[in-house]
Amino acid sequence: MSSNPLRRVPLIERYRPFLPVSEKTPVISLAEGSTPLLKANRLSERLGLNVFLKLEGLNPTGSFKDRGMTIAVSKGAEEGATAVICASTGNTSAAAAAYASRAGMRCIVIIPKGKIAAGKLAQALTHGARVLAVDGNFDQALDLVRRIVENYPVQLVNSINPYRIEGQKTGAFEIVDALGEAPDYLCIPVGNAGNITAYWKGFREYHDAGKCSSLPRMTGFQAAGAAPLVEGHPVEEPETIATAIRIGNPARGDEALAAASDSGGLIEAVTDEEIIGAYRLVASVEGTFCEPASAASIAGLVKKAGEGHFKQDSTVVCVLTGHGLKDPDTAISTGPEVTSAPPDFDQVIKLLKL
Ligand code: F0G
């Protein structure tokens, strides 16, 4: 392992003893992981907590999916796969396409038509994936993918692939490595429920390895229009502005519920209004631009803090799962108006009310 601080070491190298890889595993990496844990000073002050933001949007393709994809594609390569496939609300497809191109594999992605943020689609297309848009939602796309892999030799890289979970659990390792201890709470958005499952596994493994003496309460948030784990049954037609988590029947729902109850945490819903409010809040007071789904963790933090849920001065980590640039359309359509101005000094000054 290099000690050069300018070199981002592949996640597989950094956490090799905790991962299902051997010397025979080719390391397919884009230098993922090692993302910042940023203290949110103004949110902390406002809420009377120690709030940290795990900036997963700073992964190579702009989301946490890279952590899982480096393992899924490396193991696929080891096992002789030549093509990968996923259903996706966008980020998984971007990561699958990038890692497949890196591995010299074909990539097929099935997405819900018209419900993918522009940046994510741009990524999948530019990395050379074959993109199919189905007239349906994510859950239907995932059903199709499950059937395809049962019948054709294509490797599935959705988070029902256990290697994805193995990679994504390293987010928990990094939080403990950065804080020197586990946080009191982890706030995390929940869609297909792979990531909350992965973080909970990561914290437990690190605890068992003696790296931390406690475990966080897993505090998950779904969008109110797509909250099957809160409602207790699948949602036929999930709807939310946070398209990344527009999922009505999460594949790892049972594990997510177990993570919440075993850790003394919870899974609750936040409205689109609360999500967009949190999205703009974290961007305007912390300089941190995340995508709407990621802001569900902040929306949940603010809501639960308002209810007095967190013990004063607790350490809370919010996982900001994807970069704001993924979804420029939502940023612009929910943002303030742009003011037009003539190229004239006096009029510009007047408009600026300086
Ligand atoms: N945040 C973002 C930005 C996501 O893209 C996703 C899931 C989640 C949160 C929820 O994570 O599914 O593990 O509970 N995106 C998937 C995709 C479904 O296809 O990109 P989860």
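Both backbone and side-chain heavy atoms feed into the values below; hydrogens, waters and symmetry mates do not. Counting convention: from 1, in listed order, for ligands and their atoms alike.
- Residue K65 touches ligand 1 through its side chain alone, judged by heavy-atom distances below 4.0 Å.
- Counting protein heavy atoms only, atom 11 (O) of ligand 1 is closest to F64 CZ, 3.5 Å.
- Within ligand 1, the atoms closer than 4.0 Å to a non-hydrogen atom of T92 are 16 (C), 17 (C), 19 (O), 20 (O), numbered from 1 in the order shown.
- For atom 4 (C) of ligand 1, the nearest non-hydrogen atom of the protein is A244 CB, 3.6 Å.
- Remark: ligand 1 and N192 share an N or O pair separated by less than 3.5 Å (distance only, no angle test).
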Worksheet entry | Stepwise side-chain hydrogen bond (donor to acceptor under 3.5 Å, both in side chains) test for R67 and T170 | CA-CA 7 Å; R67 295 182 184 276; T170 60; 3.1 Å; yes
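- When each atom of ligand 1 is checked for a heavy atom of V190 under 4.0 Å away, the hits are 14 (O).
- Residue contacts with ligand 1: Q168 is placed with no nitrogen or oxygen under 3.5 Å of a nitrogen or oxygen of the ligand (distance criterion only).
- The protein heavy atom nearest to atom 5 (O) of ligand 1 is N91 ND2, 2.8 Å.
- Salt-bridge check for E255 with K201: failed, with every basic side-chain N at 4.0 Å or more from each acidic carboxylate O.
- Linking Ile, Leu, Val, Met, Phe, Trp and Tyr residues whenever their side-chain heavy atoms come within less than 4.5 Å places V319 and F52 in a single cluster.
- Between the side chains of T35 and K54, a donor-acceptor pair is found at a separation under 3.5 Å.
- The N/O atoms of N195, backbone and side chain alike, include one that comes under 3.5 Å of an N/O atom in ligand 1.
- With salt bridges taken as basic N to acidic carboxylate O contacts below 4.0 Å, none links E32 and K65.
- Across L142, I245, I116, L229, heavy-atom proximity to atom 8 (C) of ligand 1 is greatest for I245.
- Within ligand 1, the atoms closer than 4.0 Å to a non-hydrogen atom of S88 are 17 (C), 19 (O), 20 (O), numbered from 1 in the order shown.
- Distance alone, capped at 3.5 Å, places no donor-acceptor pair between the K120 side chain and the K326 backbone.
- Side-chain atoms of D177 and Y15 form a donor-acceptor pair, as typed in the model, at a separation below 3.5 Å.
- With respect to the salt-bridge test (charged N to carboxylate O, under 4.0 angstrom), the residues K304 and E307 qualify.
- Residues L320 and L38 fall within the same hydrophobic cluster, defined by Ile, Leu, Val, Met, Phe, Trp and Tyr side chains chained together at heavy-atom separations under 4.5 Å.
- E13 has no carboxylate O lying under 4.0 Å from a charged side-chain N of R7, or vice versa, which leaves the two without a salt bridge.
- The closest approach between S63 and ligand 1 stays at or above 4.0 Å for every heavy atom of the residue.
- Atoms of ligand 1 found under 4.0 Å from any heavy atom of G194 (numbered from 1 in listed order, with element): 13 (O), 14 (O), 21 (P).
- At the shortest separation from atom 1 (N) of ligand 1 among protein heavy atoms lies T321 OG1, 2.7 Å.
- Shown in contact with E291 at under 4.0 Å from a heavy atom are these atoms of ligand 1, numbered in order with element: 3 (C).
- For F138, no nitrogen or oxygen atom sits less than 3.5 Å from a nitrogen or oxygen atom of ligand 1, counting backbone and side chain alike.
- At least one heavy atom of I247 lies less than 4.0 angstrom from ligand 1.
- Residue T89 approaches ligand 1 through these ligand atoms, each under 4.0 Å from one of its heavy atoms: 15 (N), 16 (C), 17 (C), 18 (C), 19 (O), 20 (O).
- Between E78 and K75 there is a salt bridge, since a side-chain N of the basic residue sits under 4.0 Å from a carboxylate O of the acidic one.
- Side-chain contact between L257 and I267 is present, with at least one heavy-atom pair separated by less than 4.5 Å.
- Ligand 1 has an N or O atom lying under 3.5 Å from an N or O atom of A193, backbone or side chain.
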